[in-house]
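The analysis underlying the following values was restricted to heavy atoms, covering all of them including side chains, and did not include hydrogens, waters or symmetry mates.
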Amino acid sequence: MRLARSRPATANYSQFTNLKIELYMDSEQRIAELTQLIDRYNHEYYMNDRSLVSDFEFDALLRELIDLERQHPELALPTSPTRRVGGEVNKTFRQVEHRFPMLSLGNTYSIGEIEEFEARTRKLLDGVPFTYTCELKYDGVAIGLTYRHGELVQAVTRGNGAVGDDITDNARTIPTIPLKLQGSYPDDFEARGEVVYPFEAFESMNKLREAEGDEPFANPRNAASGSLELQNSAECAKRKLMFCMYFMMLPPETEQVGLQLGTHSGRLEAASQMGFKVQPYIKECATIEDIKFFIDFWDKERWNLPFGIDGVVIKVNQTDLWDRLGMTAKSPRWAIAYKFKAERVSTPLIEITYHVGRTGIVTPVANMQPVPLGGTIVRRATLCNADFMAKLDIREGDHLLVEKGGEIIPKIVGVDTQQRKPGASVIQYTTTCPVCGTPLVRAEGTAGHYCPNQDGCLPQQLGRLEHFVSRKAMNIDSLGSEKLRLLHSAGLVRNIADLYSLRREQLIGLNSEIVNSEGRQPSFSQFTIHNLNLSELFCHYIDPCLTFQKMKNKLSIHSEKLRCSFAVASLNLRLLRRRKSRVKRDFQRHLDRGVFNTL
């Protein structure tokens with residue numbers, strides 16, 4: 001009997017084993033199929049601006065691939081598109097020596113010097129036929145990408161030209177950097193280019209940061225540089241950066257593999273076929289007149305591009321002539337960069353107003369007569385602080401010089417003193433808060449003035465509330481700045497603790513008499529109140545002992561009212577560490593009201 005029973009058991013185990021092998025092989029095949037499919041969709045979307053599937057279908061395929069790789073991590077390919085999602089945390093960036101030094105180009109703001117470069121090049125080549133390529137000089141961060149056997153193996157920042165930081169994990173998150181090449185390609189080469197922050201993505205990120213109470217980025221270039229140095233690659237993935245290739249470095253005796261790599265333009269065309277994002281704004285020029293026409297055209301049209309540029313790069317197109325032209329001590333003789341001058345205008349100052357931030361810092365703002373600058377209409381710009389105003393010596397009725405180079409945000413760079421009226425009086429920095437009238441304070445060793453009236457200054461109150469409900473803090477849906485202002489004006493909310501005393505009947509029908517910029521009146525409808533889910537906003541039944549013990553440790557509050565049956569869902573310990581004393585006071589007030597008593 002035992003033997004008879006053992007045979008079916010053995011057979012069942014064998015069938016089960018075969019089934020597992022089949023499922024494993026199916027998973028391996030499906031991972032390869034999904035990888036190839038998603039790579040194709042990504043290429044068409046980011047390189048050719050063409051969407052082959054809906055966002056829903058694409059996300060479903062990506063989720064399926066993520067699930068399969070989670071079940072079988074040994075089957076995940078090193079070039080898997082899931083690597084673009086990020087997630088790797090890099091505490092320190094390893095220093096890497098460049099295989100080919102990343103030299104800087106000689107640059108000039110003078111057309112005359114471009115003419116001298118062209119004449120000198122013709123003289124050195126002594127009758128040898130050649131052409132130039134003119135291309136845009138991207139205003140971003142230079143990096144080098146090493147590819148071996150068609151796969152990305154390393155990404156390095158420029159650094160000092162000889163040594164840079166290994167940012168491979170972050171580079172993998174940039175959609176326009178191919179992880180695996182297509183078609184024909186050299187077995188080993190380096191792709192160089194610039195990581196730029198497209199204007200639309202940059203402005204969206206700044207709006208998000210402002211909504212969350214963070215300082216907006218100053219300009220796309222600095223933001224791109226900081227993004228590449230983020231320790232968490234998942235955060236870098238959120239920045240929506242773009243890589244624009246402009247150069248291909250080949251080791252000596254590289255096989256041509258059927259590609260036209262003898263010219264710079266040919267290398268860029270080949271790179272485009274491999275899957276790189278090569279911008280179409282490249283022109284082959286034969287004469288100095290062609291070069292000057294290209295420069296003049298883009299000096300005017302640069303503001304219509306989706307990313308920043310700060311000039312034009314001119315290179316000898318025939319790569320076999322580069323060695324003949326040689327190098328100077330710092331830069332190659334076969335290339336030069338023409339840099340655009342920052343656009344500058346003069347416009348009358350109307351008045352200086354003062355903005356009070358969430359932390360009480362007061363910032364002066366120059367309100368000017370509207371003037372076109374860099375493709376936009378400029379009406380106001382920051383004056384930073386009292387020291388900056390004193391340095392410029394701004395007076396009543398002055399004309400301010402406003403500049404916009406590679407920046408999105410216009411900046412004031414000086415005063416047009418030639419248009420100053422005789423006897424114009426110096427504008428003094430305000431001594432009181434423009435909102436609550438409290439005398440301003442300037443701490444020793446700091447540049448800014450601030451309002452110390454934390455509990456009575458409206459912008460500070462609203463700013464703290466907005467920060468508290470923002471995504472990075474409590475992430476409370478349906479409670480934006482307009483509704484918080486409405487609650488404040490109705491006398492229902494003055495501080496964080498007041499949010500937890502709101503009652504449904506107080507909110508129904510509450511609306512503002514003020515119409516916002518979109519023509520709507522902020523109000524609390526039944527739908528909004530349902531979204532807020534007040535019962536969950538106030539008290540949650542979660543691990544009570546652990547949560548309340550942490551709360552007591554953080555705030556040093558001892559109260560019999562601290563019940564171990566309910567905990568506040570929204571009080572975030574990270575926020576408590578930042579604002580310990582203030583939250584402690586509000587939280588104590590919250591306790592005194594009995595909000596934590598057993599419901």
Residue pair V141 / L241, side-chain heavy-atom distance below 4.5 Å: no
Flag side-chain contact, heavy atom, 4.5 Å: K315 against E135: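 Yes; the side chains approach each other to less than 4.5 Å.
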Donor + acceptor pair across side chains of D169, S233 (<3.5 Å): no
Donor-acceptor side-chain pairing of D165 and Q95 below 3.5 angstrom: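 Yes.
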Verdict with reasoning, D455 to R464, per salt bridge (Lys or Arg N to Asp or Glu O under 4.0 Å): CA-CA 10 Å; D455 297 324; R464 288 197 298 273; 3.8 Å; yes
Distance in Å, [X] [atom1] paired with [Y] [atom2], rounded so as to fall on 0.5 Å steps:
X    : Y    : atom1 : atom2 : value
M368 : I412 : CE    : CD1   : 5.0 Å
C244 : Q279 : SG    : CD    : 4.0 Å
D299 : K339 : CG    : NZ    : 13.5 Å
K240 : I174 : NZ    : CD1   : 14.0 Å

Plane angle bin for F117 and Y132 - parallel if under 30°, tilted between 30 and 60°, otherwise perpendicular: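 If you compare the ring of Y132 with that of F117, the planes turn out tilted.
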Aromatic ring pairing F297/F293, orientation class (parallel under 30°, perpendicular over 60°, tilted between):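 Rings of F297 and F293: parallel, under 30°.
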Can you name the closest pair of heavy atoms from [X] and [Y] and give their distance?
X    : Y    : answer
G140 : R221 : O-CG, 3.9 Å
C285 : C134 : SG-SG, 3.7 Å
A366 : L383 : CB-CD1, 3.8 Å
I167 : L228 : CG2-O, 3.4 Å
T382 : T363 : OG1-CG2, 3.4 Å
T173 : C236 : OG1-SG, 3.7 Å

For the pair [X] (side chain) and [Y] (backbone), establish whether a donor and an acceptor sit closer than 3.5 Å, ignoring hydrogens and angles.
X    : Y    : answer
T168 : A155 : yes
H98  : R158 : yes
R494 : H488 : yes

Sub-6.0 Å ring centroid separation between F202 and F307: no
R442/D387 salt bridge by N-O under 4.0 Å criterion: yes
Over-ring placement of R239 relative to Y197, 6.0 Å and 45° cut-offs: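 Relative to the ring axis of Y197, which defines the angle, R239 lies outside at least one limit.
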